[in-house]
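First the structure, in the form of structure tokens, and then the observations on it.
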Number of protein chains: 2
Amino acid sequence: MARWDPGTEERLRKAALELFTERGYDQVTVTHIAERAGITRRTYFRYFPDKREVLFAHSDELAPAVAEAVRSAAPGTGDMAAVLNALATVGTYLTEHAKDPAQRQAVIRSSPELEERERTKLAALTDALQSALTSRGTANAQARAVAQLASLVFANAFTQWIELGGATGFRDCLRNATNTLREALATD
Amino acid sequence: MARWDPGTEERLRKAALELFTERGYDQVTVTHIAERAGITRRTYFRYFPDKREVLFAHSDELAPAVAEAVRSAAPGTGDMAAVLNALATVGTYLTEHAKDPAQRQAVIRSSPELEERERTKLAALTDALQSALTSRGTANAQARAVAQLASLVFANAFTQWIELGGATGFRDCLRNATNTLREALATD
DNA sequence: CAAAGTGATGTCTCACTGTGCCATCACCCA
DNA sequence: TGGGTGATGGCACAGTGAGACATCACTTTG
């Protein structure tokens, strides 16, 4: 808990999103973000390890949460079903609590560096899912494949959810994304 | 063509791979690489845009080559078949000409920054494949899905090929990777 | 209520990345 | 022999990220 001004991290996220939108990611320095948030550059780096991470602060919590949901799935459930169910639960919560998801997505899409970081977060989800499946007893190769496919489905579902303006339920987006991949792999 | 010493780019790649292996990516500076290659830091940046790219110089040519192979596939061929065939052709050439693929892979796996860049190259392959499929008449969503799955297959096949010591043919690795994904998606 | 402790912040410094600008040097050609 | 061309070196600069230390607010303990 911050003692001087409890909202520092939130102010930094807000300032960064604003500045990135106004001037573009490349034209913004960490000093700019810190100044708008009312702190110094050095303090910024005590909240976020680098310039990109200010846009991905909460992303780190997704992978462990989904992995935990997979681990606690009913023992008889199939791998893919367990993973998709976990993604639906956590993803629904995520979509209901996300702040300015469309604006955030637009900023990320405008910068290769930020897209690179986003892919890293998705890879972390894949690794966490694989690990969770392995601890459920699934063989390594199969666990990795399921985790990769599920991560793909999740990313596509999230993109679709944003494109639809957040009106649709996340579960429906997940179903759509899953079906699209099924068709693609079935057409040999 | 370089006039002073034609092998500069190759010397830089070799020096970088050696240094990254010896000291680890984080402990190596661009100055170190340049000095071992017999040039200055400034000249390094005339060959590669940043510190990471020295390990990914040829990767840029993969995506266009595969895309071209997809575009020139027989009109009646199914999307997935056309893409997998293109990946087999280009991938086989790649595996037969790669230098120190195992050492390179080991270095990349040892550094999150390098893994990040590798995922970017894979994403470029996905985009190129999607574009090629779209120009063949495939619908957007389907083209993206096929491209994503094929990229996944390619990456897994390449990893397996390295793990097997380069002894197996790349086509077999592609088949294995495809089957693994099929099983994963089929188990509902 | 005073003194010590704790945690967040500011200040200063430094190595390194990546780039712009200009000088230099070797080689080719007229 | 002199000029053009292309690769390289040298220099300066903004920006990133981190270490070390001081400072200040607030809490805890006597």
Side-chain angles (χ1 to χ4, degrees), chain A residues 1-20 22-57 60 107-108 110-118 120-121, chain B residues 1-20 22-57 60 107-108 110-118 120-121:
Chain A
M1 301 298 172
R3 226 168 281 189
W4 282 251
D5 197 340
T8 304
E9 185 179 324
E10 178 54 30
R11 284 205 317 279
L12 281 171
R13 276 203 295 268
K14 184 167 177 288
L17 190 57
E18 288 174 3
L19 285 168
F20 291 162
E22 292 169 13
R23 311 186 199 175
Y25 176 79
D26 291 335
Q27 303 307 314
V28 176
T29 71
V30 173
T31 305
H32 295 150
I33 302 172
E35 281 176 352
R36 182 167 294 198
I39 57 167
T40 59
R41 202 179 76 93
R42 188 65 187 86
T43 299
Y44 170 94
F45 285 107
R46 295 199 173 97
Y47 283 88
F48 307 103
D50 57 47
K51 181 180 167 188
R52 311 175 190 178
E53 201 64 14
V54 67
L55 280 180
F56 298 93
D60 281 338
V107 169
I108 294 174
S110 74
S111 160
E113 280 189 50
L114 294 173
E115 288 191 296
E116 213 166 44
R117 180 57 56 87
E118 192 181 43
T120 295
K121 300 301 181 180
Chain B
M1 302 300 169
R3 224 167 284 188
W4 280 250
D5 197 340
T8 304
E9 186 178 324
E10 178 55 31
R11 283 206 317 280
L12 282 171
R13 276 203 293 267
K14 185 168 176 289
L17 190 57
E18 289 173 3
L19 285 168
F20 291 162
E22 293 169 11
R23 311 187 200 175
Y25 177 80
D26 291 335
Q27 302 307 313
V28 175
T29 72
V30 174
T31 305
H32 295 151
I33 302 173
E35 280 176 352
R36 181 168 293 200
I39 56 168
T40 59
R41 201 178 75 93
R42 188 66 187 86
T43 300
Y44 170 93
F45 286 107
R46 293 198 175 96
Y47 283 88
F48 306 103
D50 57 47
K51 181 180 168 188
R52 311 176 191 178
E53 201 64 14
V54 68
L55 280 180
F56 298 93
D60 281 337
V107 169
I108 293 173
S110 75
S111 158
E113 278 188 51
L114 293 174
E115 289 192 295
E116 211 166 45
R117 179 57 56 88
E118 191 181 46
T120 296
K121 301 299 182 180

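Just so it is clear, the model here is predicted, and its values are computed rather than measured. So you know, we letter chains A, B, ... as the sequences are listed, proteins then strands, and number each from 1.
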(message) Please determine whether a side-chain nitrogen or oxygen atom of B:Thr43 lies at a distance below 4.0 Å from atom OP1 or OP2 of D:dT8.
(response) no
(request) Could you grab the distance from atom CZ of A:Phe56 to atom CZ of A:Arg117, nearest 0.5 Å is fine? (result) 7.0 Å
(message) Could you work out, with side-chain contact (heavy atoms from CB on, under 4.5 Å) as the rule, every residue matching B:Asp60, not counting sequence neighbours?
(response) B:Glu53, B:Lys121
(message) What is the distance, to the nearest angstrom, from the OH atom on A:Tyr47 to the C1' atom on C:dT9?
(response) 8 Å
(request) Could you pull out all residues at least two apart from A:Glu115 that satisfy side-chain contact (heavy atoms from CB on, under 4.5 Å)? (result) A:Ile108, A:Arg109, A:Arg119
(request) Tell me, please, which residues at least two apart from A:Ser110 pass side-chain contact (heavy atoms from CB on, under 4.5 Å). (result) none
(request) Apply side-chain hydrogen bond (donor to acceptor under 3.5 Å, both in side chains) to B:Glu35 and list each qualifying residue two or more places apart in sequence or on a separate chain. (result) none
(message) Less than 4.0 angstrom between a side-chain N/O of B:Thr8 and OP1 or OP2 of D:dA7, yes or no?
(response) no
(request) Would you mind reading off the distance between B:Leu12 atom CG and D:dA7 atom C1', rounded to a whole angstrom? (result) 13 Å
(message) Output the rounded distance in Å from CD (B:Glu9) to P (D:dT8).
(response) 11 Å
(request) Report the distance from atom CD of B:Glu113 to atom C1' of D:dT16, rounded to the nearest whole Å. (result) 11 Å
(request) Please report, rounded to the nearest Å, how far the P atom of D:dA7 is from the CZ atom of B:Arg11. (result) 14 Å
(request) Output yes when at least one side-chain N/O atom of A:Thr40 is less than 4.0 Å from OP1 or OP2 of C:dT11, else no. (result) no
(request) Name all residues meeting the ring-ring contact (aromatic ring centres under 6.0 Å, His included) criterion together with B:Phe45; count only those two or more places apart in sequence or in a different chain, and write none if there are none. (result) none
(request) Would you give a per-nucleotide map of nucleotides 14-20 of chain C, 5' to 3', where B means the base has a protein non-hydrogen atom under 4.0 Å away, S means only the sugar-phosphate does, and - means neither? (result) --SBBBB
